[in-house]
Colleague: 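Let me begin by handing over the structure; questions about it come next.
In this chain, numbering begins with 1 at the start of the sequence shown.
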Amino acid sequence: QVQLEESGGGPAQVGGSLRLSCSASPYAYASDCLGWFRQAPGQGREGVAAVATGGGETYYADSVKGRFTISHDNAKKQVYLKMNSLKPEDTAVYFCAVDLRSAENCGSGSWWEFGDWGQGTLVTVSS
C-alpha cells in the first residue's frame with residue numbers, strides 16, 4: 001500500500017530555506033522513483049524534483065535547479081527536499097509522490113500521475 005506523509009512546510013522569508021520531509025511506507029519506498037511536485041494557488045501541478053532510488057539519479061525542474069536538493073534515506077524510508085534561496089513564486093502546496101513505473105521514466109513529464117501522493121504541505125514565501 002502506498003502511504004506518503006509530508007512535513008516541514010510553513011512560512012518562510014524570501015531568500016530563506018526550508019526542508020521538507022516525506023515518510024514513505026515500505027511499499028512506496030520500494031518503488032524506483034520518488035519525488036515532489038507542487039501546486040500553487042490557482043495554478044496547475046508542476047514537477048519539482050525526483051530521485052531514482054536505485055541509482056540515485058536526480059531530476060529537477062528548471063525553476064528550482066541550483067536552489068533545491070532532493071535526497072533520500074534508505075534506512076528511514078524518507079525523502080527530503082531542501083529548498084534554499086526561496087522566492088515568492090515557490091509558494092505552493094508541495095506533495096511527495098511515487099512513480100510506480102520503472103526508473104527510466106523517473107522525473108519525466110507528469111511522472112506523479114503514474115503513482116500516488118500524500119496530502120501535501122503548504123509552503124508560503126513572503127518578504
Side-chain angles (χ1 to χ4, degrees):
Q1 184 178 3
V2 172
Q3 290 184 319
L4 300 160
E5 183 174 355
E6 305 91 341
S7 61
Q13 297 281 327
V14 171
S17 299
L18 279 177
R19 190 179 83 152
L20 305 182
S21 300
C22 172
S23 294
S25 64
Y27 179 79
Y29 201 83
S31 67
D32 290 338
C33 181
L34 288 162
W36 298 85
F37 70 92
R38 66 187 180 185
Q39 186 163 22
Q43 307 268 334
R45 292 170 177 170
E46 177 191 24
V48 175
V51 57
T53 53
E57 295 86 355
T58 56
Y59 309 89
Y60 295 96
D62 287 342
S63 57
V64 306
K65 277 181 183 175
R67 300 189 298 122
F68 290 11
T69 303
I70 188 170
S71 60
H72 65 290
D73 186 321
N74 290 332
K76 296 181 178 179
K77 293 184 175 53
Q78 293 202 335
V79 182
Y80 307 101
L81 186 68
K82 181 65 187 300
M83 306 185 293
N84 295 326
S85 302
L86 284 164
K87 305 176 180 180
E89 51 264 42
D90 293 320
T91 294
V93 178
Y94 285 73
F95 298 87
C96 177
V98 58
D99 182 342
L100 296 175
R101 301 174 298 171
S102 59
E104 63 187 15
N105 301 294
C106 193
S108 64
S110 300
W111 55 268
W112 57 89
E113 294 184 356
F114 295 91
D116 207 346
W117 50 89
Q119 295 295 310
T121 185
L122 176 63
V123 172
T124 305
V125 184
S126 59
S127 56

Colleague: Taking the side chain as every heavy atom from C-beta outward, state whether Val14 and Val125 have any atom pair closer than 4.5 Å.
Modeller: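 Contact flag for Val14/Val125 side chains = yes.
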
Colleague: Got Tyr27 and Val98 here, is their nearest side-chain heavy-atom distance under 4.5 Å?
Modeller: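 Answer no - side chains too far apart.
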
Colleague: Taking Glu6 for its side chain and Cys96 for its backbone only, find out whether a donor-acceptor pair lies under 3.5 Å.
Modeller: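 Pair found, side chain donor or acceptor close to backbone of Cys96.
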
Colleague: What distance separates Cys22 SG from Glu5 CD, expressed to the nearest 0.5 Å?
Modeller: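 Reported value, rounded in 0.5 Å steps: 8.5 Å.
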
Colleague: For Asp99 versus Phe114, what's the shortest heavy-atom pair and its separation?
Modeller: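 Answer, listing the atom of Asp99 first, then Phe114: OD1-CB, 3.6 Å.
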
Colleague: Taking the side chain as everything from C-beta on, heavy atoms only, tell me whether Val123 gets closer than 4.5 Å to Arg38.
Modeller: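 Not touching, per the 4.5 Å side-chain cut-off.
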
Colleague: Please report the interatomic distance CG(Leu34) to CD(Gln78), rounded to the nearest 0.5 Å.
Modeller: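 Answer rounded to 0.5 Å: 11.5 Å.
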
Colleague: Give a yes or no on whether the backbone of Ala52 and the side-chain of Tyr59 come within a donor-acceptor separation of less than 3.5 Å.
Modeller: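 Checked: no pair found.
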
Colleague: Salt bridge or not between Lys65 and Asp62? Use side-chain N to carboxylate O under 4.0 Å.
Modeller: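 Yes, Lys65 and Asp62 are salt-bridged.
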
Colleague: With a 4.5 Å heavy-atom cut-off, do Glu46 and Val64 have their side chains touching?
Modeller: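 Not in contact.
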
Colleague: Answer with yes or no whether the hydrophobic clustering places Trp117 together with Tyr29; edges join I, L, V, M, F, W, Y residues whose side-chain heavy atoms lie under 4.5 Å apart.
Modeller: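 The answer is no; the residues belong to distinct hydrophobic clusters.
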
Colleague: Taking all atoms of both residues into account, what is the closest heavy-atom pair of Ala12 and Leu86, and its distance?
Modeller: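 What the structure gives for the nearest pair is CB-CD1, 3.7 Å.
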
Colleague: Side chains of Tyr80 and Thr69, heavy atoms from C-beta outward: is any pair under 4.5 Å?
Modeller: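 SC-SC contact between Tyr80 and Thr69 ruled out.
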
Colleague: List the atom of Thr53, the atom of His72, and the distance in Å for their closest heavy-atom pair.
Modeller: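 Residues Thr53 and His72, closest heavy atoms: O-NE2, 3.7 Å.
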
Colleague: Please report the interatomic distance CG(Leu4) to CH2(Trp112), rounded to the nearest 0.5 Å.
Modeller: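 Reported value, rounded in 0.5 Å steps: 15.0 Å.
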
Colleague: Hey, does Phe95 have a side-chain heavy atom less than 4.5 Å from the side chain of Asp116?
Modeller: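 No, their side chains stay 4.5 Å or more apart.
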
Colleague: Say whether, by atom type as modelled, one donor and one acceptor occur between the side chain of Tyr60 and the main chain of Ile70 under 3.5 angstrom.
Modeller: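 It does hold such a pair.
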
Colleague: When rounded to the nearest 0.5 angstrom, what distance separates CZ in Arg101 from CD in Glu113?
Modeller: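 Reported to 0.5 Å precision, the distance equals 9.5 Å.
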
Colleague: In this structure, would Tyr94 and Val2 fall into the same cluster of hydrophobic residues linked by side-chain contacts under 4.5 Å?
Modeller: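 Both belong to a single hydrophobic cluster.
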
Colleague: Between Ala50 and Cys33, which heavy-atom pair has the shortest distance, and what is it?
Modeller: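 Looking at all heavy atoms of both residues, the shortest contact is CB-SG, 4.0 Å.
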
Colleague: Indicate the ring-plane relationship of Trp111 and Phe37, choosing parallel, tilted or perpendicular according to the 30° and 60° boundaries.
Modeller: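 Perpendicular: the ring planes of Trp111 and Phe37 meet at over 60°.
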
Colleague: Does CD belonging to Gln39 count more than 12 external heavy atoms closer than 6.0 Å?
Modeller: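 Yes, enclosed.
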
Colleague: Nearest 0.5 angstrom please: Leu81 CG to Thr121 OG1, how far?
Modeller: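 The OG1 atom of Thr121 is 11.0 Å from CG of Leu81, to the nearest 0.5 Å.
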
Colleague: Distance-only, no hydrogens or angles: does the Thr91 side chain make a donor-acceptor pair with backbone N or O of Ser126 under 3.5 Å?
Modeller: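 Not a single qualifying donor-acceptor pair exists.
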
Colleague: CG/Leu100 to CG/Asn105 distance, rounded to the nearest 0.5 angstrom?
Modeller: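 Taking CG in Leu100 and CG in Asn105, the distance rounds to 11.5 Å.
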
Colleague: Quick one: closest heavy-atom pair of Ser85 and Ser17, and the distance?
Modeller: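 Shortest heavy-atom contact: N-OG, 4.4 Å.
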
Colleague: Are there more than 12 heavy atoms of other residues, nucleotides or ligands under 6.0 Å from atom CD of Glu89?
Modeller: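 Yes, CD of Glu89 has more than 12 neighbouring heavy atoms, counting only those of other groups under 6.0 Å.
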
